[in-house]
Q: 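Pasting a structure here, questions to come.
Just so you know, these numbers come straight off a predicted model, no measurement behind them. Keep in mind that the numbers below use all heavy atoms, side chains included, and drop hydrogens, waters and symmetry copies. Here, residue 1 is the first one in the sequence, and each next residue gets the next number.
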Amino acid sequence: MQTDHSKPDLASQSISAEEWQVRRDLAACYRLCAMKGWDDLVYTHISATVPGEPGHFLINEFGLAFDEITASSLVKISLAGEVVDGTRRRVNAGGFAIHAAVHAARADAHCVLHLHNENTIAVGIQPQGLLPLSQHALRFYELIGYHDYEGLALTPQEQGRLVKALADYPAMLLRNHGSLVCGRTVAEAYVLLDTLDKACAIQLKALAGAPYAHQPQAAVCRKTRDQLLGDGSPEGALEWPALLRKLARLDPGYQD
């Protein structure tokens, strides 16, 4: 089936200023992930809740690459993955299943980012998972979940197991599969994923270059993690404007 990727008519839709801001942030997140090389053809997704519309979410149209996503091209769907914005655009309902499970279980997960980025896949394959080898990794010390690979289709039973393993953590490694990050904002989700990807890259380099990798003591790991968490407010507030300025210079089309 050929999908119509023409620009949707948003003029006939009632879009609040708050929703438009989320659309722009989410489109920016897609473009920034593409710049990092974290996209996987037209697969994987980043979803965000629609302000003031419980049970409605924004996600990429199936068939568009990450670097093609714009604020207006994002599709509004229900928790069941059904298009609810009056357009006939196609979404990957099966791919949204992971997002749907997390959104349903976590009221704080306003943005769910699931990628097949190579560094996180590689560390997820390692039995020990993410080790406290870098300051980046310490952000997730005792705050990361793991979910064993069960195949392509996500059944309701597996959804329950995934959500249980995620618990209230900000991030998860899907073993043999990829990464999953929850953010209270789009900015927080992106910054957390950036930190996680760097932590995994550092670990892969460290373990490839030496038979033994030095790890800080547990007390130091916990102290550093708490320092990085600060007062617990959403992360990314400082970094996000700088990232948007960079994107405006290099790839401003996301704002359309």
Side-chain angles (χ1 to χ4, degrees), residues 25 28-40 44 46 66 102 108-109 111-147 165-247:
D25 283 342
C29 189
Y30 274 102
R31 298 282 184 116
L32 288 166
C33 287
M35 284 184 176
K36 287 280 192 177
W38 293 339
D39 48 347
D40 184 8
T44 71
I46 312 167
F66 274 26
V102 176
D108 65 322
C111 181
V112 176
L113 205 159
H114 165 49
L115 298 178
H116 298 160
N117 45 326
E118 296 173 6
N119 293 323
T120 62
I121 295 174
V123 169
I125 291 170
Q126 297 176 344
Q128 72 274 24
L130 185 64
L131 295 171
L133 300 182
S134 66
Q135 186 165 281
H136 293 83
L138 294 182
R139 166 60 184 84
F140 302 99
Y141 188 71
E142 298 177 332
L143 291 177
I144 189 166
Y146 297 88
H147 177 66
L166 176 62
D168 60 353
Y169 298 141
M172 166 180 278
L173 291 180
L174 305 172
R175 293 196 182 276
N176 311 95
H177 183 176
S179 57
L180 188 147
V181 168
C182 302
R184 290 166 287 181
T185 63
V186 174
E188 181 169 57
Y190 178 84
V191 168
L192 285 172
L193 195 281
D194 186 73
T195 304
L196 180 60
D197 188 81
K198 287 174 181 171
C200 290
I202 292 167
Q203 176 168 323
L204 294 170
K205 291 178 180 179
L207 297 184
Y212 169 78
H214 180 270
Q215 298 183 28
Q217 295 181 355
V220 173
C221 292
R222 294 190 180 99
K223 180 184 75 171
T224 305
R225 175 201 62 204
D226 294 343
Q227 290 172 332
L228 291 169
L229 288 173
D231 63 3
S233 59
E235 296 172 51
L238 187 63
E239 300 94 331
W240 194 244
L243 288 165
L244 292 184
R245 291 193 297 271
K246 176 180 180 179
L247 197 57

Q: If you measure from CG on Leu247 to CG on Leu32, what distance do you get to the nearest 0.5 Å?
A: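 The CG atom of Leu247 sits 5.0 Å away from the CG atom of Leu32.
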
Q: Between Arg222 and Asp226, does any NZ, NE, NH1 or NH2 come within less than 4.0 Å of an OD or OE carboxylate oxygen?
A: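 Salt bridge between Asp226 and Arg222, a charged N being under 4.0 Å from a carboxylate O: no.
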
Q: Yes or no on side chain to side chain contact (heavy atoms under 4.5 Å, CB included) for Asp40 and Leu115, after CA distance, side-chain angles and deciding distance?
A: CA-CA 8 Å; Asp40 184 8; Leu115 298 178; over 6 Å; no

Q: Kindly state each residue pair satisfying salt bridge (charged side-chain N to carboxylate O under 4.0 Å, His left out) with at least one member in residues 125-140, sequence neighbours excluded.
A: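 Sorted pair list: Arg139-Glu235.
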
Q: Do other residues, nucleotides or ligands put more than 12 heavy atoms under 6.0 Å from the CD atom of Glu118?
A: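 Check fails, neighbour count at 12 or below.
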
Q: Could you pull out all residues at least two apart from Ala34 that satisfy side-chain contact (heavy atoms from CB on, under 4.5 Å)?
A: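 So Ala34 forms a side-chain contact (heavy atoms from CB on, under 4.5 Å) with Asp39, Phe66, Asp67.
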
Q: About how many Å separate CG of Leu196 and CE of Met172, when rounded to the nearest 0.5 Å?
A: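 If I round to the nearest 0.5 Å, the distance is 12.0 Å.
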
Q: Are side-chain heavy atoms of Thr224 and Tyr141 found at a separation under 4.5 Å?
A: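 Sidechains of Tyr141 and Thr224: no contact.
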
Q: Could you report the tightest heavy-atom contact between Ala137 and Pro132, atom names first, then the distance?
A: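 Nearest heavy atoms, Ala137 then Pro132: CB-CA, 4.2 Å.
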
Q: What's the shortest heavy-atom distance between Pro216 and Cys221, and which atoms?
A: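 Heavy-atom minimum between the residues: O-SG, 3.7 Å.
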
Q: Please evaluate residues Leu166 and Cys182 with respect to the criterion side chain to side chain contact (heavy atoms under 4.5 Å, CB included), reporting the C-alpha separation (whole Å), side-chain torsions for both, the decisive distance (0.1 Å), and the verdict.
A: CA-CA 10 Å; Leu166 176 62; Cys182 302; 3.9 Å; yes

Q: Mind jotting down which residue pairs meet the salt bridge (charged side-chain N to carboxylate O under 4.0 Å, His left out) criterion with at least one end in residues 174-185? Sequence neighbours excluded, please.
A: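 Listed by first then second residue: Asp148-Arg175, Arg184-Glu188.
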
Q: Nearest 0.5 Å, please: how far is OG1 in Thr120 from CG in Leu180?
A: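 Reported to 0.5 Å precision, the distance equals 10.0 Å.
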
Q: Contact between Asn117 and Cys200 at the side-chain level, heavy atoms closer than 4.5 Å - yes or no?
A: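 Not in contact.
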
Q: Kindly compute the distance separating CG (Leu243) from CH2 (Trp240), expressed to the nearest 0.5 Å.
A: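 CH2 of Trp240 is found 6.0 Å from CG of Leu243.
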
Q: Could you label the plane-to-plane angle of the His116 and His177 rings as parallel, tilted or perpendicular, counting under 30° as parallel and over 60° as perpendicular?
A: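 The rings of His116 and His177 sit tilted, inter-plane angle from 30° to 60°.
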
Q: Would you compute the distance between atom CD1 of Ile46 and atom CG of Leu113 and round it to the nearest 0.5 angstrom?
A: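 If I round to the nearest 0.5 Å, the distance is 4.0 Å.
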
Q: I need the minimum non-hydrogen distance between Phe140 and Leu130, along with the two atoms involved.
A: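 That closest heavy-atom pairing would be CB-CD2, 4.0 Å.
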
Q: Would a distance-only check, ignoring hydrogens and angles, find a side-chain to backbone donor-acceptor pair under 3.5 Å from Gln203 to Gly129?
A: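 Present.
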
Q: Please name the pair of heavy atoms, one in Val102 and one in Ala109, separated by the smallest distance, quoted to 0.1 Å.
A: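 So the minimum-distance heavy-atom pair works out to CG1-CB, 4.1 Å.
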
Q: Are Asp197 and Lys36 close enough, and set up right, to give a side chain to side chain contact (heavy atoms under 4.5 Å, CB included), and what steps lead you there?
A: CA-CA 10 Å; Asp197 188 81; Lys36 287 280 192 177; over 6 Å; no

Q: Could you tell me whether the side chain of Leu207 reaches within less than 4.5 Å of the side chain of Gln128, counting heavy atoms only?
A: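 Yes, their side chains come closer than 4.5 Å.
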
Q: Where do Leu143 and Tyr169 land on the side chain to side chain contact (heavy atoms under 4.5 Å, CB included) test, with the steps shown first?
A: CA-CA 5 Å; Leu143 291 177; Tyr169 298 141; 4.2 Å; yes

Q: Could you state the interatomic distance from OG1 (Thr185) to CG (Asp25), rounded to the nearest 0.5 Å?
A: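 With rounding to 0.5 Å, OG1 (Thr185) is 8.0 Å from CG (Asp25).
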
Q: Check whether any side-chain heavy atom of Met35 sits under 4.5 Å from a side-chain heavy atom of Arg31, and report yes or no.
A: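 No - every pair of side-chain heavy atoms lies 4.5 Å or more apart.
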
Q: Between Thr44, Ile121, Leu193, Leu192, which is the residue that forms a side chain to side chain contact (heavy atoms under 4.5 Å, CB included) with Ser179?
A: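 It is Leu193; the other options fail the test.
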
